[in-house]
Each structure stands twice: as structure tokens, then as C-alpha cells.
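Working notes, structure below.
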There are 2 protein chains.
Amino acid sequence: MPEEPSTLRARRRVQTQRTIQAHATRLFRERGYDATTMNDVAEAAGVSPMTVYRHFPTKEDLVLSDQYGELIAERVAASPAGQPLVRRIGGALVAAAAALAGDDAAADRRFLLVRLQLMIATPALRARHLDNQYALQQAILGALEDGDADPDAAFEAQAAASACLAALHTAMVRWAEDDGRTDLPGLVGKALAAVFGDDVAGPAR
Amino acid sequence: MPEEPSTLRARRRVQTQRTIQAHATRLFRERGYDATTMNDVAEAAGVSPMTVYRHFPTKEDLVLSDQYGELIAERVAASPAGQPLVRRIGGALVAAAAALAGDDAAADRRFLLVRLQLMIATPALRARHLDNQYALQQAILGALEDGDADPDAAFEAQAAASACLAALHTAMVRWAEDDGRTDLPGLVGKALAAVFGDDVAGPAR
DNA sequence: CTCCCGTCTGTTAGTGACTACCTGATTGGT
DNA sequence: ACCAATCAGGTAGTCACTAACAGACGGGAG
């Protein structure tokens, strides 16, 4: 829940961003991503093409968003250091998914669903989305704060984190294919269980 | 080891492809990927820009290649159907890596190394490489030939395959960061073991 | 209230990846 | 030797994206 800054300028800024993104996703769904030009988006949003580029540096950024990466990294950092890595990371992923499950997050959930479906269907978006997941993986590893210089442990942490995010991705794809009807935290837990065994998500705390 | 077709035309075609790709990777390493234009590549290879586009539809294709995907899918399909999925897929990945370990594959190995390092360092290439891995994941799932319509089993297979490929990716990144000094099949096995436990790569057969 | 600074927006002119379409040249089989 | 298919090159265009400049507006200082 990002609190809206009270200054008029910042509010208008957020407003135009939302307007542009809303028109963009609508046009992408109606005509297809590749068939929609940045000029189309600008015209539909009632701004100049340059304004679109100022708020979204690339066309792909109109669909992608990393708003949950920070949240996940924080939860990983806050998890108890004694637990196995896959549980620390997996728990954070399930918790982040659960944050989307409430009724008050319905709008965010629907918007994420539309964007996910675009990402899956459009090769360029899919590729950049996967790269974002990779960046999230690095952020998670940074949040673990493993200052130890053991390269073997670092390698295993990389492998564990990448597998956790692969499970998350599998769950999100399935969720999008189901049009969001299935419970997302449950899907994430099931994917993690399918990879690591049923004991990972485990009983809470 | 693709046998070269004996017709003169096909041989020259392969030759120009190799020339273009070699000059491209060299320029990309020397000046950077983004700082090298397609015209630069064409000029260095002694052909017209149009010819470059005929052989490599996008700039990224000058670096990427899916030559091992088919091999991996075949090995998965040939693996015994009774074994657990992660062993079937993981075994195929280790075997594919082992095919690169021989002395006769040294040139292929070095070339793959250079391209991998470019992929890791260049965001656009990294994204498309990850998308290729995702395509490979779908190919592997197709090779499993699980005709059963159980959606739960399909979901678990997706999760398992994605985690296997995440481990492969982790191993390849590490291998590239080590400048290819480490044994690639060993790294793949270690990454799989870190994700699934030490019993997966397990004793041969 | 006014002035000034920083931010937001728009315009223009570019670069570079990529496509569509057409024109010759070369090769492989008849 | 001929014909058809394939391959190289040229031209002109679209589109994503950038750089540089100029005007408009909100927000704080006096």
C-alpha cells in the first residue's frame, strides 16, 4: 500500500502514470502488443509520446512491474536465519502471494492477472519478465546477507533460490491460465512442494 | 556433430553463417553488444546488412543458439519412464553437459563459453536466453509424452522441469564466471543436488 | 502576493533494428 | 544448355528510443 504523497505534483504524476498504463494494457489486449505503437498509447492517454517515455522508459515497462520484489526481499531478510534456505525463500514467496489474496487487493490482483497474461503470450514481454525474476533472485540472495565467502555455499544458495523462483513462476503461469480462479498462495505452495517435497511450506512457524 | 551437406550451396551458406557469427561475437566482445550495430557486423563480415538479416533474423540470434535443446529433449524421451521426473530430466541435462566435456568438443565449448558470457553481461541477451530456457522446458515436457490429462500431475511436472532448468542455468552461469575452468557436468550435478538433495544425480543408471 | 527554482511536458531531429518489395546473379537438376 | 529455385544486394519505410532545447506550471522563500 504505497501512500500517495500529498503534494499536488506527485499526485498528478502518479495519476498520469496510471492513466497511461491503463490505456496501454487495454490497447495491448485489444489489438495485441506488437500491433500497438507507442504513439497509439500516447494518443489514447492524451499525452505526447515523450511523456510516455518519461514515465515508462521502454514499451515493455508499460506491462512489467517489480512492485513485489522489494516486499519479497524484505520478508526473506526478516526470516529466521537458522532455517533451510528453501524454507526461508519459499515462505517469503507464499507470504507475498497471500498479500494479494485479500478482498482489498482485488483490484491489484486483477491488474496483475491481465499483465501476466500479456507477459505469457508475448515473447518479448515473457523474456523480460523472466529476466526480472532473475534480478529478483539476486535481490533475494542479497537479502540473505550471507557474508560468508564460501563459494560452495553461495553456489548452493544460487541453485536453491533459482529453483524457488522457478516454482513461483510455474505457479503464476498456472494462475494466469486459470484466469485467477485458483488460489495463488496455494499454487505457490503446491509448486514448491512438487519441487522440494511436501515438507517445505510446512506448518507455519 | 551436424554433418555438412555436400551441395556447394549449402556449404557456402553454412560458411557465411559461421563467418558472420564469428565476426559478430568478436565485435560484441571488443566494443560491447549495444555499441555494435548490425551494419558494423555486416561490414566486418564483408556482406551486406540484408544478408546478415537473412541468416540471423534478429541481432540477438547472432549470439543465441538452441543447438542443444533437441539433444536434451531426445535424452529425456529416451529415459526410462518409471523413474522420478527430476532424475529423468536431471540425467538428461548432465548427459548433455558431458557431451561438451570431451577434447573433440573443445572448440564448441569455447564458443559456447564466449556466448554465455555475453548473454550474462547483456540484459537483452540474458532475457532472451532465459526465454529460450523456458522454451526448452516446454520441449522437455513434450518429450515426457505424458498423455495423461491429470492437471495436477502436469502442474507438478512443470514445477519439476522448471526447477531442473533453473539448476542448469545456475550451473552454466557459474561455469561462465569461472571462464570454463570448472567441470560443467559436475557443476550441473552439484546444482541439481543442492536443489533436490544428493540422491538425484545419484549413481549412474 | 510575488519571484524564482525545479519539475513536467512538448517539439524536433536524429539513430538503429527490422521489414517489404524488388532486381540480378549463381547454382542444381533436367 | 535451359529452367527453376535459391541467395545476395538495394531502397524505402516503420517503429522504438534518445538528445537537446524551449515553454508551462506548481511550490517554496522573501
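All heavy atoms count here, side chains included; hydrogens, waters and symmetry mates do not. A, B, ... follow the sequence lines: proteins, then strands. Residue 1 opens every chain.
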Atom-pair distance ([atom1] on [X]; [atom2] on [N]), nearest Å:
X	N	atom1	atom2	answer
B/E43	C/dA17	CD	P	13 Å
A/D61	D/dT18	CG	P	10 Å
A/M50	D/dA16	CE	C1'	12 Å
A/F28	D/dC15	CZ	C1'	13 Å
B/M38	C/dG16	CE	P	13 Å
B/R31	C/dG16	CZ	P	12 Å
B/Y53	D/dT14	OH	C1'	13 Å
B/F56	C/dC18	CZ	C1'	16 Å

Base [N] paired with [X] side chain (donor-acceptor, <3.5 Å):
X	N	value
A/R9	C/dC8	no
B/R54	D/dG9	yes
A/R11	D/dG26	no

Do other residues, nucleotides or ligands put more than 12 heavy atoms under 6.0 Å from [X] [atom1]?
X	atom1	value
A/E70	CD	no
A/R29	CZ	no
A/R12	CZ	no

- Take B/R12 and B/D34, find for each the nucleotide of DNA chain C with the closest heavy atom, and name the residue whose nucleotide sits nearer the 5' end.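 Comparing both residues, the 5'-ward one is B/D34.
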- For A/P49 and B/P57, take the nucleotide of DNA chain C holding the closest heavy atom to each; which residue's nucleotide lies nearer the 5' end?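 Nearer the 5' end of the strand: A/P49.
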- Going through the distances and angles, do B/H129 and B/R126 end up as a side chain to side chain donor-acceptor pair (under 3.5 Å)? CA-CA 5 Å; B/H129 172 64; B/R126 192 176 52 220; over 6 Å; no
- Message: At less than 4.0 Å, is any side-chain N or O atom of A/H55 found next to OP1 or OP2 of C/dT9? Yes or no.
- Response: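 Yes, within the criterion.
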- Message: Against B/N39, only a single residue in B/V41, B/T37, B/T36 fulfils side-chain contact (heavy atoms from CB on, under 4.5 Å); can you say which?
- Response: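 When B/V41, B/T37, B/T36 are each tested with B/N39, the side-chain contact (heavy atoms from CB on, under 4.5 Å) holds only for B/T37.
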